[in-house]
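Taking it in order: structure first as structure tokens, then the write-up.
What you see is a predicted model; the values in this text were computed from it and never measured.
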Amino acid sequence: MAMVAVRAGVSGQTVSRVVNGSPRVDPDTRARVERAMAELGYRPHRAARALRTGRSQTIGLVVTTLATVGNSRMLQATAEAAAERGYALTLVTAAADVAEAFDRLAEQEVDGAIVLNEASALVPGAQPPDGLRLVVVDAPTEAGFASVHSDHAGGASAATARLLALGHDTVHHLAGPADSFAAIERERGWRETLVTAGVRPPPVVRGDWSADSGYAAGGELRAASAVFCANDQMALGLLRALAEAGRRVPDDVGVIGFDDVPEAANYRPPLTTIRQDFAALAHRAVSSLVAAIEGTAGDQVSVVVPTELVERASTSSR
């Protein structure tokens with residue numbers, strides 16, 4: 001580190017801050033230090049650092065599944081955000097028992113953990129071991145721990161309002177699982193927007209986030225003139241079902257999804273959707289957790305990341 005400091009023309013403390021991912025370093029200075037590290041072949045020794053700091057520089061990530069696009073995109077974004085802060089990532093799955101996942105992370109002596117999306121429903125009944133700092137992605141504000149989530153209700157409201165503005169008398173909803181925080185919030189945004197507009201909400205049709213469940217829902221939604229889908233994968237299945245039923249999108253049926261997966265622009269027709277900023281979610285979750293680990297965090301808070309309506313060809317005026 002002393003050699004890196006001399007090569008970069010900075011203090012040893014500045015090099016330490018760069019190595020430990022501290023945000024309190026000028027970008028130009030950080031680039032100069034990183035260039036010196038590369039030129040000298042410097043690599044931080046994780047075990048030695050752990051002995052010195054009492055921290056493993058490792059974050060645990062708890063998921064129930066990586067089959068959903070949201071979870072897989074969050075995994076990638078979280079790994080990148082953690083690496084930028086100098087932390088490694090350990091992945092643990094919790095199909096039904098998050099307490100067991102917490103125990104495994106404690107055995108690996110991680111400094112803290114991030115619980116992703118659908119696993120958040122399992123957290124209230126299984127509090128983490130003492131000393132395991134925790135941030136949950138997609139959890140209610142009153143949950144009692146730090147959380148980060150997209151503005152699910154706001155995005156759903158924007159989607160519903162857009163379909164009403166296009167001339168549809170009502171908007172049907174293809175919802176996610178009943179125990180999912182994201183699905184609950186998206187359903188709430190849809191319902192409240194209809195009620196505010198003086199429209200009685202039609203019965204909810206529920207899927208499981210998969211394209212297959214969206215396709216299966218097509219039988220119940222084939223007569224609808226507008227459908228807001230709780231995610232893009234279910235919207236994909238619905239588009240196929242509607243096409244097979246002879247219903248044209250958007251001429252006969254307007255469809256809006258949620259997430260803005262990379263493939264959404266290539267759906268047939270290209271899908272109007274609500275964009276989630278997965279990179280921002282991951283960075284906020286990692287920053288919150290690292291602040292707790294390094295003792296710079298204040299009170300536990302709930303961070304809400306804005307969403308955005310992206311209009312494509314699956315919607316049009318009537």
Partners meeting ring-ring contact (aromatic ring centres under 6.0 Å, His included) with His173 (sequence neighbours left out):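 Per chain and number, His173 pairs via ring-ring contact (aromatic ring centres under 6.0 Å, His included) with Trp190, Phe228.
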Where [X] and [Y] come nearest, the two heavy atoms and their spacing:
| X | Y | value |
| --- | --- | --- |
| Gln233 | Ala67 | NE2-O, 4.1 Å |
| Val135 | Val148 | CG1-CG2, 4.2 Å |
| Thr193 | Ala161 | CG2-N, 3.9 Å |
| Tyr267 | Val261 | OH-CG2, 3.8 Å |
| Met74 | Leu281 | SD-CB, 3.8 Å |
| Val253 | Ala226 | CG1-N, 4.2 Å |

Whether over 12 other heavy atoms sit under 6.0 Å from Gln13 CD: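 Atom CD in Gln13 is not crowded, with 12 or fewer foreign heavy atoms closer than 6.0 Å.
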Criterion salt bridge (Lys or Arg N to Asp or Glu O under 4.0 Å) on Arg188 and Glu185, from CA distance to verdict: CA-CA 5 Å; Arg188 178 173 69 85; Glu185 285 294 286; 2.8 Å; yes
Any side-chain heavy atom of [X] sitting closer than 4.5 Å to one from [Y]?
| X | Y | value |
| --- | --- | --- |
| Phe278 | Gln76 | no |
| Arg312 | Asp260 | yes |
| Asp277 | Pro306 | no |
| Leu66 | Leu91 | yes |
| Asp232 | Val69 | no |
| Thr58 | Gln108 | no |

Trace of the side chain to side chain contact (heavy atoms under 4.5 Å, CB included) decision for Thr29 with Val18: CA-CA 9 Å; Thr29 302; Val18 172; 5.8 Å; no
For [X] and [Y], does a side-chain donor sit closer than 3.5 Å to a side-chain acceptor?
| X | Y | answer |
| --- | --- | --- |
| Asp208 | Ser210 | yes |
| His172 | Glu220 | no |
| Thr315 | Thr272 | yes |

Residue list, side chain to side chain contact (heavy atoms under 4.5 Å, CB included) with Ala197, at least two apart or on another chain: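 Partners of Ala197 by the side chain to side chain contact (heavy atoms under 4.5 Å, CB included) criterion, ordered by chain and then number, come out as Leu164, Val199.
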Common cluster, [X]/[Y], ILVMFWY with side-chain heavy-atom separation under 4.5 Å:
| X | Y | result |
| --- | --- | --- |
| Leu236 | Tyr215 | no |
| Val310 | Val171 | no |
| Val6 | Met1 | no |

Sub-3.5 Å donor-acceptor pair from the side chain of [X] to the main-chain atoms of [Y], do we have one?
| X | Y | answer |
| --- | --- | --- |
| Arg133 | Asp111 | yes |
| Asn71 | Thr65 | yes |
| Asp138 | His149 | no |
| Glu192 | Ser157 | no |
| Thr273 | Phe258 | yes |
| Arg186 | Ala230 | yes |

Working for side chain to side chain contact (heavy atoms under 4.5 Å, CB included), residues Tyr42 and Met3: CA-CA 9 Å; Tyr42 174 82; Met3 294 170 65; over 6 Å; no
Gap between atom [atom2] of [Y] and atom [atom1] of [X] - 0.5 Å precision:
| X | Y | atom1 | atom2 | result |
| --- | --- | --- | --- | --- |
| Ile293 | Ser288 | CD1 | OG | 10.0 Å |
| Leu116 | Leu61 | CG | CG | 4.0 Å |
| Ile184 | Asp179 | CD1 | CG | 7.0 Å |
| Leu238 | Ser314 | CG | OG | 10.0 Å |
| Gln57 | Arg85 | CD | CZ | 10.5 Å |
| Ile114 | Leu75 | CD1 | CG | 10.5 Å |

[X]: what forms a salt bridge (charged side-chain N to carboxylate O under 4.0 Å, His left out) with it, not counting sequence neighbours?
| X | value |
| --- | --- |
| Glu80 | none |
| Arg284 | none |
| Arg32 | none |

Candidate list Arg73, His152, Glu308, test side chain to side chain contact (heavy atoms under 4.5 Å, CB included), partner Gln276, passing option: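 Filter result, single survivor: His152.
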For Asp259, the option from Asn231, Thr68, Ile274 that meets side chain to side chain contact (heavy atoms under 4.5 Å, CB included):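 Result: among Asn231, Thr68, Ile274, Asn231 is the only option passing the side chain to side chain contact (heavy atoms under 4.5 Å, CB included) with Asp259.
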Set of residues satisfying side-chain hydrogen bond (donor to acceptor under 3.5 Å, both in side chains) with respect to Thr78, sequence neighbours excluded: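 Thr78: no side-chain hydrogen bond (donor to acceptor under 3.5 Å, both in side chains) contacts found.
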Working for side chain to side chain contact (heavy atoms under 4.5 Å, CB included), residues Val110 and Tyr87: CA-CA 10 Å; Val110 300; Tyr87 282 77; over 6 Å; no
Pair Arg206-Glu187, salt bridge (Lys or Arg N to Asp or Glu O under 4.0 Å): steps then yes or no: CA-CA 10 Å; Arg206 199 167 296 283; Glu187 182 178 338; 3.2 Å; yes
Steps toward side chain to side chain contact (heavy atoms under 4.5 Å, CB included) verdict (Leu289, Ile59): CA-CA 9 Å; Leu289 183 59; Ile59 292 172; 3.5 Å; yes
